[in-house]
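Down below is the structure, laid out as structure tokens.
Sequence lines set the chain letters: A, B, ... in the order given, protein chains first and strands last, and positions in each chain run from 1. Owing to the predicted nature of the structure, the values given are computational and were not obtained by experimental measurement.
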Amino acid sequence: MARYNSKEAETKWQALWRDRGCFSATESSDRPKYYVLEMFPYPSGRLHIGHVRNYTIGDVVARYKRARGFNVLHPMGWDAFGLPAENAAIANRIHPATWTFENIDVMRGQLQMMGLAYDWDREIATCSPDYYRHEQKMFLDFLAAGLAYRKESWVNWDPVENTVLANEQVIEGRGWRSGALVEKRKLSQWFLRITAYAEDLLGALPGLERWPDKVRLMQENWIGKSTGARLRFAVDDPERAGTPEIEVFTTRQDTLFGASFLAISPNHPVAARLAEANPELAQFIAECNRVGTSEAAIETAEKRGFATGLKARHPFIEGLLLPVCVANFVLMEYGTGAIFGCPAHDQRDLDFARKYQLPVLPVVIPDGIDPAAFTIGDEAYTGPGVLRNSGFLDGLEVEAAKQAAGLRLEAMAVGERTTVYRLRDWGVSRQRYWGCPIPVVHCDSCGVVPVPEAELPVALPLDVTFDRPGNPLEHHPTWKHVNCPACGRPARRETDTFDTFFESSWYFARFASPHETGRGFSAEAARYWLPVDQYIGGVEHAVLHLLYSRFFTRALKGCGYLDVEEPFAGLMTQGMVTHATYRAEDGSWLYPEEIESRDGRIVRAADGSPVAVGRLEKMSKSRKNVVGLEVVVDAYGADTARLLLLSDSPPDRDLEWSEAGIDGAWRYLNRLWRLVVEPPVPLPAAGSAAPERFGESATAVRRAIHKTIAATTDDLEKFHFNKAVARLRELTNSLAELDGGGAGDAWVLREGCEALVRLVGPVMPHLAEELWQALGHESLLVDTAWPEADPALTADDTVTVAVQVNGKLRATLPLARDAEAGVAEAAAMADPAVIRALDGKAVRRIIVVPNRIINVVV
RNA sequence: GCGGGCGUGGCGGAAUUGGUAGACGCGCUGGAUUUAGGUUCCAGUGGCCCUAGGUCGUGGGGGUUCAAGUCCCUCCGCCCGCACCA
């Protein structure tokens, strides 16, 4: 018989789905809407198998929901602005636009090859002016609403390339291309006031019930709400400090009596002022600034301080002067950029105090410890306790002391209780070419002037070169020279472009009406489709992209664009696809296709030299452990690849791609094909009436069929694709065992095949269409409803109950479902294995969990 | 450094969320079939004890409970994020 020809079948069904517009979504439907979206890709080149797990998961959800009667929107687009296009331009002398669009063409073809059920009429590319013109308008609206503003902030500056570097381009303090020591520089940049929504973004997290807890927790920590107090320390030499006082923020105002120093950020104005007259301090600050702007770099750097000689007056202790230091671990962006150090009750302060021989005075004594005996060693005490050595706070618990200290500061008018957030405003300026131009003009007379709406889009000029360092927009002969929209005099365009998170913060709304020209999307279409019912993507976006999108949606609502606040009602974060890594003798990485197995040893195919097999790692070009999409689809077909991507691992965990795995998936596909096309018993015609009675085997298999329908449906609802696949394999095994010897076997086999084919439809859509046709159906499977389980067949009359003695399993008993405890108990006590285990000992207690377990305690 | 996660047979993972640990698959072993060649079918497969049966077993250690992979404490290992990669 003919074998399943994946190539032929996949091409055929893909064309048919396309020609019949099976996946195009409309807003006019009486079915409930369902919007499923996978995080859209950056068009970086060519997809490998690891990239498509995400889209396969989304596709299963889309096809499943469609079968369940939903009006499904499942779009795809391209997050097309970004740094790699510029890197390619510099490295290969190819224009970013050319590079990007070529990549898009390749990747679109690859996604289509996988048979993904997208509505391609809604495809968008964010680098198109048709897209980014709308976000320029949004920015102007934000500006008018006070949500966008300019301020100075620090960047990584490469003095050789004359450019700003991304944190990932700074490697051990040096520019990745130039190798030059990176400096921190201050630039005037645009910011979006996400902090205005901090409380709202935090408060709405519990309502995101279909988000993973871990993501909500990460966002909560990122927003980092903390309550405490601001307080001002008078300085002993206001002239030298340039200010009469230094304001600090603390969450531990209760420990003020244990303060032994003040620390200010190297970027604090007072530090800058003191450095003017102190070259050593200036030197110290310069060294701090060499660390780079990433928080990880700052936090892992050795804690260092510099004594300024300045002193600050303790607000509660008359005459006590605390030294003021500049410390590299104090962040200017958080709180006030200055802290007071209480070494006894903060680990970082303690480390600092030990290093610079500052006093350590415990002021919180743990309950039940003698205050006289309590000392601090290498570990700060941060737990609860009672205040000592603390004047008016003595005897209070920590919380009460915080309250009392706060009130006293307020009464003295030197501070107030307050709340701060770790969250900082979103810097959206990038000194880059391949991004959306920020639509403002700088005029010497009028300052910053928004580009009038009628002149949008501010289009990115395409005639640029990358032959010298810096931003090509700066070097363009004409582009930035315009007349001021306000006064008409010569002025300069803003040459910064937006952070690419800007585009991805509203693309999900654009998909609702991607061809809308007047605004980013029609309010009506957005009202219909939003929020996204199920969003799917990697955890690496748990904070930034998702938080920015949540903020953006609120900001858009505030500007009258839409009427939802949360863009994503459901979120699933999928794990990585991993693959073994291979290294040649010389240590260089090898692609999987460069190796082979000879006599049980892994060797290099080219010359038989030994290969070291490394651990599983995320598929990445740099380690060469990638498997190309075309290679897999050519050899096994898209359905086999899809099956493997959904098998074995739950979606939120890593998945191992292996040659054995793909072979196993391929075998199952063929097994299923044979079952339906060459059934063990000839099938009755489609739609034949059910027989009068079913024999034992037929009844058992019918139960299996209906249980599988129920359980698989439940698995898909919960996104347990790996379990769903396991159940489908089990049903396939059960059906294959039918031999036609029992009454109704043939009819049940058809019933089972029909159910099975419909259940595998979302996973292996091409094969399923082919089998649906083979079963004698004229209709398309994609237009066929999801099977329904018969409740009468999903529950068993008897259940197997485990019997334990003292928690150890001794027997299992078949019992009637929901048998009474007394009956179950009697059956258990009569079991020979139980009697033997009891060994005549007195029974103390019997625990009966209905339909599960009986535990006899002796 | 801070934040988040993960850890179950040789391997990927199941376990109705505190109730029979190892579903399903990969691999391996033995057998059958076939014009052996991405075959197919049957049987077996956590460790230890000679089997009936017993005993140990979910990264290590401790605890709560009639009962712990699941809850608590602690330690170890690995992975992800940290604001200009997307």
Side-chain angles (χ1 to χ4, degrees), chain A residues 39-42 44 79 81-84 87 155-156 164-170 189 212-215 217-218 220-222 224 293-301 303 329 333 347-348 422-432 499-501 504 538-545 547-548 575-576 615-618 635-636 647-650 652-656 658-668 670-671 674 711 714 720 722-723 725-730 733 736 800-804 806-809 811-812 833 836 844-847 849 851-858:
Chain A
M39 291 179 183
F40 68 161
Y42 178 79
S44 56
D79 188 13
F81 273 139
L83 211 41
N87 293 335
V155 295
N156 300 310
V164 175
L165 296 180
N167 283 333
E168 72 158 12
Q169 296 176 325
V170 180
Q189 315 219 62
D213 289 341
K214 62 173 175 183
V215 174
L217 188 57
M218 281 189 255
E220 184 182 326
N221 289 332
W222 186 263
T293 60
S294 94
E295 189 179 309
I298 294 164
E299 295 276 332
T300 47
K303 308 278 175 287
F329 58 86
E333 291 80 12
Q347 192 58 47
R348 215 166 36 178
R422 202 185 76 99
L423 181 68
R424 308 199 296 259
D425 276 337
W426 173 16
V428 294
S429 294
R430 297 290 181 270
Q431 295 68 40
R432 313 218 180 278
D499 176 9
T500 57
F501 276 125
S504 56
V539 251
E540 64 272 23
H541 295 291
V543 176
L544 292 182
H545 161 59
L547 195 62
Y548 290 150
M576 305 177 298
R615 37 177 266 171
L616 297 177
E617 303 252 24
K618 176 182 180 173
Y636 300 93
S647 304
D648 294 347
S649 288
D652 56 345
R653 285 227 230 149
D654 290 354
L655 173 107
E656 181 190 352
S658 66
E659 315 316 311
I662 191 74
D663 280 337
W666 166 253
R667 278 202 294 271
Y668 173 67
N670 282 294
R671 189 170 149 77
R674 278 194 309 273
D714 188 51
H720 294 168
N722 56 326
K723 286 161 71 180
V725 168
R727 290 188 211 285
L728 296 176
R729 284 179 180 271
E730 275 180 304
N733 292 343
T800 306
V801 174
V803 185
Q804 299 180 333
N806 280 349
K808 291 194 177 189
L809 182 73
T812 55
R836 201 179 333 118
R844 279 208 326 202
R845 199 173 152 194
I846 301 180
I847 290 133
V849 181
N851 302 328
R852 292 264 172 83
I853 205 164
I854 299 163
N855 192 5
V856 184
V857 186
V858 298

Pull out every protein N or O sitting under 3.5 Å from an N or O of nucleotides 18-24 of chain B, one pair per line with the distance.
residue	atom	partner	partner atom	Å
B:U20	O4	A:Thr800	O	3.4
B:A23	O2'	A:Glu730	OE2	3.1

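- A:Ile846 is listed as a side-chain neighbour of A:Val856, based on a closest heavy-atom distance under 4.5 Å.
- For B:U55, the base is anti relative to its sugar; the glycosidic angle deviates from 0 by more than 90°.
- Distances shown here put every side-chain N or O of A:Arg653 at or beyond 4.0 Å from the OP1 or OP2 atom of B:G12.
- Every side chain to side chain donor-acceptor pair (under 3.5 Å) that A:Gln189 has, sequence neighbours left out, goes to A:Ser153, A:Gln431.
- Nucleotides B:U64 and B:G30 have their C1' atoms positioned 47 Å apart, rounded to a whole Å.
- For the P atoms, the distance from B:G4 to B:C73 is 13 Å, rounded to whole Å.
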Can you pull every protein N or O that's under 3.5 Å from an N or O on nucleotides 40-42 of chain B?
residue	atom	partner	partner atom	Å
B:C41	OP1	A:Arg671	NH1	2.7

| task | Please lay out, stage by stage, how A:Arg845 and A:Asn855 fare under the test side-chain hydrogen bond (donor to acceptor under 3.5 Å, both in side chains). | result | CA-CA 8 Å; A:Arg845 199 173 152 194; A:Asn855 192 5; over 6 Å; no
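- Residues passing the side chain to side chain donor-acceptor pair (under 3.5 Å) test with A:Glu220, sequence neighbours excluded: none.
- Summary of the strand contacts: A:Glu656 and A:Val857 both lie near RNA chain B, and taking for each the nucleotide with the nearest heavy atom, the more 5' one is attributed to A:Glu656.
- Shown here are the side-chain contact (heavy atoms from CB on, under 4.5 Å) partners of A:Asp663, two or more places apart in sequence or in another chain: A:Tyr636, A:Arg667.
- Applying the ring pair (Phe, Tyr, Trp, His ring centres under 6.0 Å) criterion to A:His720, with sequence neighbours excluded, gives no partner residue.
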| Under 4.0 Å protein heavy-atom contacts per nucleotide of nucleotides 73-86 of chain B, with B for base, S for backbone only and - for none | -----SS-SBBBBB
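- Comparing the same atom, P, in B:A14 and in B:G25 gives a spacing of 15 Å after rounding to whole Å.
- As judged by a 4.0 angstrom heavy-atom cut-off over every strand, A:Ala301 is placed among residues making no nucleic acid contact.
- In this structure, A:Glu730 has no side chain to side chain donor-acceptor pair (under 3.5 Å) partners at least two apart in sequence or on a different chain.
- For A:Phe329, the ring pair (Phe, Tyr, Trp, His ring centres under 6.0 Å) partners two or more places apart in sequence, or in a different chain, are A:Phe352.
- Here B:G9 is in the syn range [glycosidic angle within 90° of 0].
- Checked against side-chain contact (heavy atoms from CB on, under 4.5 Å), A:Ile853 has the following partners two or more places apart in sequence or in another chain: A:Ala802, A:Gln804, A:Val849.
- With sequence neighbours left out, A:Tyr548 forms a ring pair (Phe, Tyr, Trp, His ring centres under 6.0 Å) with A:Trp426, A:Phe501.
- When the side-chain nitrogen and oxygen atoms of A:Lys808 are compared with OP1 and OP2 of B:A68, none of them lie within a distance under 4.0 Å.
- Stem list for RNA chain B (at least 3 consecutive Watson-Crick or G-U pairs, distances under 3.5 Å): B:1-7 with B:76-82, B:10-12 with B:24-26, B:27-32 with B:40-45, B:46-49 with B:53-56, B:59-63 with B:71-75.
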